[in-house]
Number of protein chains: 4
Amino acid sequence: MKEELTRQSIQLFERKGFSSTSVQDIVDSLGVTKGTFYYYFTSKETLLMDIHLRYIDDLVARQKKVLDSNESCRNQLTKIVEILIKDIQTQGSNVRVYFREMRHLSEENSSVIKNKRRMFHLTIEKIIKEGIEKKEFRDNLDPKMTTFAILGVTNWSYEWFDPSGNISSKELASMYMDFILHGIDLKGE
Amino acid sequence: MKEELTRQSIQLFERKGFSSTSVQDIVDSLGVTKGTFYYYFTSKETLLMDIHLRYIDDLVARQKKVLDSNESCRNQLTKIVEILIKDIQTQGSNVRVYFREMRHLSEENSSVIKNKRRMFHLTIEKIIKEGIEKKEFRDNLDPKMTTFAILGVTNWSYEWFDPSGNISSKELASMYMDFILHGIDLKGE
Amino acid sequence: MKEELTRQSIQLFERKGFSSTSVQDIVDSLGVTKGTFYYYFTSKETLLMDIHLRYIDDLVARQKKVLDSNESCRNQLTKIVEILIKDIQTQGSNVRVYFREMRHLSEENSSVIKNKRRMFHLTIEKIIKEGIEKKEFRDNLDPKMTTFAILGVTNWSYEWFDPSGNISSKELASMYMDFILHGIDLKGE
Amino acid sequence: MKEELTRQSIQLFERKGFSSTSVQDIVDSLGVTKGTFYYYFTSKETLLMDIHLRYIDDLVARQKKVLDSNESCRNQLTKIVEILIKDIQTQGSNVRVYFREMRHLSEENSSVIKNKRRMFHLTIEKIIKEGIEKKEFRDNLDPKMTTFAILGVTNWSYEWFDPSGNISSKELASMYMDFILHGIDLKGE
DNA sequence: AATGAATGAGTCTTCATTCAT
DNA sequence: TATGAATGAAGACTCATTCAT
């Protein structure tokens, strides 16, 4: 039941936004009563926090696995980009809620999430730095800004990419790694 | 007064989100009454639509100016990226509302905005295509996906970039054009 | 309207108690809507505080008048007892709410009321002390405890006295002053 | 368990009032679940009735003992006052609930309690009447009103008397009997 | 151009109670 | 003897909107 409430909520939060989705909407969509909702969640915000934690914890865990693989920086980065793009397909709604609704967490809760986000970010930064040292990447890059650029490319996909369309998430990920590695400029310039 | 209402609303919508900001909040922040609000706007949504239209129309107009300049594709693209990044400084709140709150427009209104967004997008796509033909850009790029990638880099900046920090918006724009043109890979590879 | 809301609320709070009276009950009894209630009161507690303040402020003011009259202590005390007993007739419901529902005020609000109550109490204590010094009252009385005893006699009347019954409030006040002054013991003992 | 539920409930009812105390509050304070509560009590009101009955039955029983002692009226009255004041120390919370929350009993239940209260009251009235006849007390007293005055003095103590303070309940009872017997007036007047 | 009073539907949340286990 | 899941009604409070003035 808790699982089902969460799943339905994610769908509704994605479609109408957190504040515009009422607890009534959620329980109606499952044919249960509001009491049931409050049996499982102490508040609407608790549910939102659950959704956030679930995603970021899982993501960080998967990122750690990549890091532990000890592959080249380029490969590590590729794998992370693949993870992010594939998540659109497997849990797009969840991630969109994660991107859009953090504002509705309390100060306390949102700072917990922010810290975890920062850790995710810092890990990518570390990969960039290492890549520069190992001469995999250009040495005139600002690791922090570059990380933001890469995350911009991937995260923005959540706003438009439809994995059931012409282009598969695998293809998109590979296109994007090409873009990230080589830019759009004609070679030699 | 209408101007002031709009300005305050943008601040509040940015901070708390559209649905979580009440008309009461808006008028309280200006020391007027709700009647005043409804004298200038027929509904809360009208105000949101105003905010959207104002930004996208202005943006499209500026984009047109760039296009009419007849410079090289690379320069045109650079100018558009500069516009987008500079907007963070000059009207960040407005743009953040524009990015986040479109969902709260009615079907009808939101399709108006979507069309204008699409036009903005298509124009960039056109620049990319032309750049490929003119051999300014690589010929194995998918213009549509590449446009999304570029917009990802710039638009995502609204989520984190602080123009009053160490890096100026000018510097960021130049860093990002470098990234977009050359990627992160070591040259020659 | 605010006046009417207050008056009705007092009646309902007396009959059913503060927590068992819903805002719905209040507005229903006047044929208006909940919005109206919240237009005039920021919360149910604010209304309760209003009721408390109104009574205690008025009572203290009337007590001050008695004090300023410079009559004998016995007469001053008599007048205060008369005030308290007469209030049962003129604003019994109000006072019963005042006696019973203070618990439902916030810490902050209830301490405001408590302080005013204490002042009322201390003024009576002062009259007793002065009466002892002026040899109007026995000198082996504890002024504080005696004040509580006197207030017990009068305030408890709110639990049972029906001013529309056989005994008028004037008669009751005089009976009680007799009791307070002479007790029940046979004279000379 | 039933005993413990009752004890905890009394504490909570005293502190927050009957309606503002939820069954959840009660069971939480004991670390059990709501099911447990409903195993022992058929409703929240049943519990309140239990609390009322328990106190009034015990009080009436103790009053009867005093009556059966066949002492002088003055001594009987003294003993009853002592009982009431001592109860503040030994079961203050219980009595405060008894005084304040009768309103939340159903018509039927509350009339049962009211009858027992009346009996307690009538017994004191009888002692007063007998005291007048036996020339222990003044003959110009109204027995009913006098009983209310005496009960006012004692019952009001529940609103303020702290048995752990400077004055013991024994001392208070003796002070109050002095007040009841002799009033505050200087002797001889 | 702006206000103040009012509405009615809707918000999140709590509650007493039930019942299968 | 006690639990855990669920209900449905009611709780306080908010909100976008209207309208006479």
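Basis for what follows: all heavy atoms, side chains included, without hydrogens, waters or symmetry-related copies. In the text below, chain A, chain B and the rest are named by the order of the sequence lines, each starting its count at 1.
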Within the 4.5 Å heavy-atom criterion, are [X] and [Y] side-chain neighbours or not?
| X | Y | result |
| --- | --- | --- |
| Thr90(B) | Asp87(B) | yes |
| Glu159(A) | Asn155(B) | no |
| Leu47(D) | Phe37(D) | yes |

How many angstroms lie between [atom1] in [X] and [atom2] in [Y], if you round to the nearest 0.5 Å?
| X | Y | atom1 | atom2 | value |
| --- | --- | --- | --- | --- |
| Ser110(C) | His104(C) | OG | NE2 | 12.0 Å |
| Met49(A) | Thr42(A) | CE | OG1 | 11.5 Å |
| Asn94(D) | Tyr158(D) | CG | OH | 9.0 Å |
| Leu105(D) | Lys114(D) | CG | NZ | 9.5 Å |
| Leu53(B) | Leu48(B) | CG | CG | 10.0 Å |
| Phe99(C) | Tyr55(C) | CZ | OH | 6.0 Å |

Under the salt bridge (charged side-chain N to carboxylate O under 4.0 Å, His left out) test, residues paired with Arg117(D) that sit two or more places apart: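 So Arg117(D) forms no salt bridge (charged side-chain N to carboxylate O under 4.0 Å, His left out) with any residue.
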For DNA chain E, find the residues of [range] with a heavy-atom distance under 4.0 Å and give them by number; none if there aren't any.
| range | answer |
| --- | --- |
| residues 2-10 of chain C | none |
| residues 14-26 of chain B | none |
| residues 43-53 of chain D | Ser43(D), Lys44(D) |
| residues 28-42 of chain D | Lys34(D), Tyr38(D) |

Which pairs of donor and acceptor atoms, one on a side chain in residues 4-11 of chain A, lie under 3.5 Å apart (sequence neighbours left out)?
| residue | atom | partner | partner atom | Å |
| --- | --- | --- | --- | --- |
| Thr6(A) | OG1 | Lys2(A) | O | 2.8 |
| Gln8(A) | OE1 | Ser29(A) | OG | 3.0 |
| Ser9(A) | OG | Leu5(A) | O | 2.6 |

Ring geometry between Tyr98(A) and His52(A) (parallel below 30°, tilted from 30 to 60°, perpendicular above 60°):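 Aromatic pair His52(A)/Tyr98(A) classed tilted.
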Does CE belonging to Met1(A) count more than 12 external heavy atoms closer than 6.0 Å?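 Counting neighbours around CE of Met1(A), more than 12 heavy atoms of other residues, nucleotides or ligands fall under 6.0 Å, so yes.
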For [X] versus [Y], what's the shortest heavy-atom pair and its separation?
| X | Y | value |
| --- | --- | --- |
| Lys16(D) | Asp25(D) | NZ-OD2, 2.8 Å |
| Lys44(C) | Phe13(C) | CE-CE2, 4.5 Å |
| Thr21(D) | Ile26(D) | CG2-CG1, 3.9 Å |

Tell me, please, which residues at least two apart from Ser111(C) pass side chain to side chain contact (heavy atoms under 4.5 Å, CB included).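 Counting only residues at least two positions away or on another chain, Ser111(C) forms no side chain to side chain contact (heavy atoms under 4.5 Å, CB included).
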Non-neighbouring partners of Gln24(C) that pass side chain to side chain contact (heavy atoms under 4.5 Å, CB included), sequence neighbours left out: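 Listed in chain order: Ser22(C), Val27(C), Asp28(C), Lys34(C).
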For chain B, the stretch of DNA chain F it reaches, first to last nucleotide, under 4.0 Å of its heavy atoms: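 First and last nucleotides in contact are dC15(F) to dT18(F).
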Return the residues of residues 99-112 of chain D meeting this criterion: a heavy atom under 4.0 Å from some atom of DNA chain F. Order them by number, or give none.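 Within residues 99-112 of chain D, no residue comes under 4.0 Å of DNA chain F.
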In this structure, which stretches of DNA chain F are paired as stems of three or more consecutive Watson-Crick or G-U pairs, both distances less than 3.5 Å?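 Paired runs of 3+ in DNA chain F: E:2-21 with F:2-21.
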Sort and list the pairs that fulfil salt bridge (charged side-chain N to carboxylate O under 4.0 Å, His left out) and have at least one residue in residues 91-103 of chain A, not counting sequence neighbours.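 Of all non-adjacent pairs touching residues 91-103 of chain A, those that pass salt bridge (charged side-chain N to carboxylate O under 4.0 Å, His left out) are Glu14(A)-Arg96(A), Glu101(A)-Arg103(B), Arg103(A)-Glu101(B).
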